[in-house]
Structures are given as structure tokens and as C-alpha cells.
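Step one of this worksheet: look at the structure below.
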Amino acid sequence: MLGEWRDQGNRSGSAGLAAGIRLLMFDGQLPPGTTLPAERELAAALGVSRTLVATAWDLLREDGLIVSRRGSGSRTTLPATPANAPFQERNQPLDLATAAPGALPGVGVAVDAVRAAFAVELSNHGYLGYGLNVLRERLADRFTARGLPTTPDQVLVTNGAHHALALVLRAMAGPGDRVLVEQPTYNNALEAIRSAHAIPVPVPMPEQGWDLEGVDVVLRQAAPRLAYMIVDFHNPTGRRLDAAGREQLAAILRRARTPVVIDETLVELDLDGNPLDGPPPMGSFEPGLVITVGSASKSHWGGLRLGWIRASDEIIGRLAASRRAFDLGSPVFEQLVLAQLYADPEPLLRERRAEMAATRHVMVDALREHCPTWSFEIPRGGLSLWCELPEPIGTRLAVAAQSVGVRLAPASRFSAHGGLDRWLRLPYTLPAPLLTEAVRRLAGVAAVVTGSPGTLGSDGLIPVA
Ligand SMILES: Cc1ncc(COP(=O)(O)O)c(C=O)c1O
């Protein structure tokens, strides 16, 4: 799990090892309560001295990240944050690991606007297995406006797109089943597939667009039970499949009769145009096999925790029935808020697109100034840049970036089989001044990681102003 943990910068080996463990913890791969290997055992496995491991453990103990008991070894734990710590200290570092913007003020306005409707709902029982009717109607209208005629019966409201995928996996893929995915793909989708005990089968994305012939081959040779694809501002590459590609993909899926989950979480984030003028939804090319999942998280706010599934009424019925085993519907208040936002969605969506186009511009400028050797294509939409680094330093960069208060998601997380160390996903969802500062710090760290001289301060530390 530690991979390339050794720093080539100015840290000692023990600090590098501690940083590697810290990354695994922040990355969720070592949850709190995990028992760490004994010092002697780890030293032997890594080919280092026992003192080096013991010093690394000391550093982690000082940070409050592990606790050790004589006789029972060391366990990971969460550091306690004093309630009276200043806000700055308690606050998270600059987060370039999460591609999600805060809400626009219009979301707060919608909250105020639905109070009367909420009072009416209070007299009902509040269990809405399929979702609030007015919301299902408005989401159906949005699909219809985008070119996929939809009735409210074909919409199931969920607690986000991720929940939607988990529901589909539960209903349609069992242990040992293969699920076709793009490589790279959205990291949490891989987690969901694995936790359903299914096996992700990756189709690598070529330098541009999609390898649809590769999809065809995998569908024929690996006979996956299901496919999962993001054809609208793909996370993490930002690509969009054009109408001709969708037509071709639909024909391939039809031949193999493989159902596909199309994740439209980012579809409204067309930063250079209007999604109403974009290629029609994948579902309009193959209504029988396509199950569309969508979300309010990126267009409006992740804290609403609302998404949806659009499929045939028969599949929606099946999914609603299987959902009952583990949850009984989404919160009514948030659904009213989202229904309000979708009563006239254009103004706020336009504002969101303009906001993200501006931060994309800031990120591009900052990278060109501070990281001129990193290459990327400016994506037409979505929330992040997919950068190619001049050397395979992605994981080491993610570890070292913590020391300057920047969180990164190593690209290996977006891959079914690890690797991708030459790549980095950089979301542009932080406010503009923080984005520039984060890139400036990253440039300093990258110079240290690659061993370029002249970037360290006289004290041997990375200068962080
Ligand atoms: C492609 C994709 N799908 C799903 C999600 C999760 O969405 P939600 O917050 O609606 O669960 C994200 C969030 O980053 C995403 O990028």
C-alpha cells in the first residue's frame, strides 16, 4: 500500500514513511482503528532499519494519528481537534482532492421560498420511496428538454448519484460479476463496484476521446454484467462524447445486450455552452439498456445529497423495491428545495457555469505561470483539469503536498489497477485566490520532489507565504 513512499527531497526516511502512512489515512485506505504492522515486521518488509520505523511511529504519535499500547502494537486513530482551536487551524488544508464547489446564494433563496410548501408536507408521513412528485416531474421535464422524452414514472429520486449507482449495482450486479469501466474513472464508482464484490474491467481511454472499439472487444470477450460510463465531462478527464460517438456506443451495447449506467453528474457543467444545445442524453440513443444517474451535487450543492435515476418504469420499479431493504427515501425538505431550483433552472445553472468557467481560467493561468512543464487540455466542461506531469511523481507529490497544506487525490485512485503516476486531477472548485495559492505551493513541492535545485529556502524548507 505504501508504494513509492521514499522522499527524494530533504526529509529523512522516517519522515517520508510517516508521510506515506499519513496519506493512506487521509485517503481513507487506512481507516481509524487499523492495526499497523509491528515495527520489526514492517522494517523487514521495507528493507529499512527498525529505528527508522520507530521514528516514523513517533512522528505519527506526535501528530495524534496513531496510538500504541505495550503488547498490542499501534493503531491508527483520529487526532483530537481542540474545540477552541482558531478557525484557521481547525480548517481543512487547501483541498484539491475534492471536485465540488460550494452552493451559490440562489440555493439559500430556494430554502426560504419552500417554507410554506414544507408546512403542507408536514401533514403527510414523509416516506417517499420514489421521491417527491413535483421534483420527479421537473427532473423529467429537464430530461425531455435535453432530448430524452421522460415521464415522472421513469424517475427515482436518490440520495445523490453515488447512492444511485450503489442501488443499480445492488439490483443488477452480484459477487464475481464484471463491470466495464473507463480507465481512468470516478474513484468512488470503483469503490462501489468493489464493495458489491464485482470486478471492474477497465477500458483505457486513448489520448483523445474514447476507445469504442476497445469497449466492443471487452463487451464481447469479458461479457460484463453491466457497464459504467461518464460521457458528459468525464471525471477525471473532462471529455464529452459527441453524438456520433453516442450512436456508435449505443450500437455496440445493443449488440452485446449489456445494460450501462451513464453517470450524468457533470452534464450541466458545460462551461462553453448550454447543455440544452449539447449532444442528446445517451438514453435517447438506446432507451432500453441505458440507466441514467444524475445529481444536484455539482450543479447546485453536494450538501443537498440528492440525485436521481432515469430508466424505464419497469427498472425504476425494481430499483425502488430493492432500495427498501436499506433505505426508505430521501429527505422531503431538500427535495422541495431542489424542486424549487428546477422550477426555473436556467438562471442559476448559467451562474454556476460562469463561476466555474472563471475558476477554470484562473487554474489554467496559475498552472501556465507556476507549472509550465505540466500539460493538459482545457476541458469544455466539468470541474477539473487532467494534467500530465513531466515525470511519474503523482503519489510522491500527493504525500509531499500535505506538508504545505494542500490535499491532492493521487491519480492511482481513478484507476482500477493503480498506476497513472504521471497524471494529476486538479479541480478548479476552490475560490480563485485559494486556487492560485494552491498551485504556487504545488509548484514548490514538485520542484523538491523532482530534485530541481534552487527552490528551497535557506532553511532547507519549501517557502510557503
Ligand atoms: C462522476 C461522478 N459521479 C458521482 C459523483 C457523486 O455524486 P453525488 O454527490 O451526487 O453522490 C461525483 C462526485 O464527484 C462524480 O464526479
Side-chain angles (χ1 to χ4, degrees), residues 1 3-4 23 27-29 96-100 161-162 165 169 178-195 198-215 217-219 222 224 226-241 245 249 260-267 269 282 293 295 298 360 363 367 374-398 401 407-429:
M1 287 173 86
E4 290 287 319
L23 178 74
D27 208 28
Q29 297 189 55
L96 292 184
T98 310
H162 192 55
L165 172 62
L169 283 167
R178 285 179 280 267
V179 178
L180 179 148
V181 293
E182 292 134 338
Q183 165 97 339
T185 190
Y186 173 51
N187 54 327
N188 290 327
L190 290 171
E191 290 294 320
I193 292 167
R194 291 192 193 107
S195 77
I199 303 159
V201 182
V203 178
M205 293 181 83
E207 236 164 69
Q208 311 231 303
W210 272 258
D211 176 9
L212 295 179
E213 280 171 22
V215 171
V217 170
V218 167
L219 289 182
L226 191 69
Y228 167 81
M229 298 179 75
I230 313 166
V231 296
D232 296 279
F233 312 120
H234 176 263
N235 185 0
T237 64
R239 296 175 195 175
R240 180 167 74 174
L241 186 64
L249 177 59
V260 60
V261 175
I262 294 290
D263 187 335
E264 285 195 347
T265 294
L266 293 148
V267 70
L269 278 297
M282 206 34 230
V293 304
S295 171
K298 313 296 160 148
R360 178 185 61 180
M363 176 64 110
L367 284 169
W374 298 10
S375 56
F376 51 85
E377 274 180 31
I378 301 177
R380 182 190 166 112
L383 299 173
S384 46
L385 294 183
W386 184 236
C387 288
E388 187 170 6
L389 307 172
E391 289 178 49
I393 52 164
T395 310
R396 273 188 287 143
L397 197 57
R407 273 191 71 215
L408 290 177
S412 54
R413 280 216 253 159
F414 300 87
S415 152
H417 302 311
L420 298 182
D421 224 25
R422 220 172 225 289
W423 296 89
L424 194 57
R425 184 191 75 161
L426 290 177
Y428 38 81
T429 48

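- In this structure, Thr237 and His234 approach most closely via the heavy-atom pair OG1-ND1, 2.7 Å.
- Using a 4.5 Å cut-off on side-chain heavy atoms (C-beta onward), Ile230 and Thr265 make no contact.
- Here Leu385 contributes atom CG and Arg425 contributes atom CZ; the two are 11.0 Å apart, rounded to the nearest 0.5 Å.
- A parallel orientation is assigned to the rings of Trp386 and Trp423, their planes being inclined by less than 30° (bins at 30° and 60°).
- At least one donor-acceptor pair under 3.5 Å links the side chain of Arg422 to the backbone N or O of Pro390.
- For the pair Thr429 and Thr98, the tightest heavy-atom approach, listed with the atom from each and the gap, is OG1-O, 3.4 Å.
- Within the model, atoms CD of Glu264 and CG of Leu269 stand 12.5 Å from one another, a figure rounded to the nearest 0.5 Å.
- With contacts defined as side-chain heavy-atom distances shorter than 4.5 Å, the pair Pro200/Val181 qualifies.
- In this structure, Ala161 and Asp263 approach most closely via the heavy-atom pair CB-OD1, 4.5 Å.
- Note: Ile378 CD1 to Arg360 CZ = 6.5 Å, rounded to the nearest 0.5 Å.
- Side chains of Pro379 and Arg239 form no contact here, defined as non-hydrogen atoms less than 4.5 Å apart.
- The line from CG of Leu266 to OG of Ser295 is 8.5 Å long, rounded to the nearest 0.5 Å.
- No side-chain heavy atom of Arg407 sits under 4.5 Å from any side-chain heavy atom of Leu96.
- At least one donor-acceptor pair closer than 3.5 Å links the side chain of Asp211 to the backbone N or O of Gly214.
- Side chains of Met229 and Val215 form a contact here, defined as non-hydrogen atoms less than 4.5 Å apart.
- With rounding to the nearest 0.5 Å, the separation of CG in Asn235 from CG in Asn187 is 7.0 Å.
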- Are Asp421 and Ser412 close enough, and set up right, to give a side chain to side chain contact (heavy atoms under 4.5 Å, CB included), and what steps lead you there? CA-CA 7 Å; Asp421 224 25; Ser412 54; 5.6 Å; no
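- Between Leu426 and Met363, some side-chain heavy-atom pair lies under the 4.5 Å cut-off.
- When atom types are taken as modelled, the side chain of Lys298 and the backbone of Ala99 share a donor-acceptor pair closer than 3.5 angstrom.
- Side chain to side chain, Glu388 and Trp374 fail the donor-acceptor criterion of an N or O pair below 3.5 Å.
- Closest non-hydrogen pair, Arg178 versus Ala222, comes out as NE-O, 2.7 Å.
- A heavy-atom distance below 4.5 Å is not found between the side chains of Met205 and Gln183.
- The two residues Val179 and Ala198 come nearest to each other via the heavy atoms CG2-CB, 4.0 Å.
- Of the inter-residue distances, the one linking Glu207 atom CD with Glu377 atom CD reads 8.5 Å to the nearest 0.5 angstrom.
- Between Pro224 and Leu219 the shortest heavy-atom distance is CG-CD2, 3.6 Å.
- Put simply, the side chain of Ser415 does not reach to within 4.5 Å of the side chain of Arg413, judged on heavy atoms.
- The side chain to side chain contact (heavy atoms under 4.5 Å, CB included) search around Val261 returns Leu165, Val168, Leu226, Tyr228, Val293, not counting sequence neighbours.
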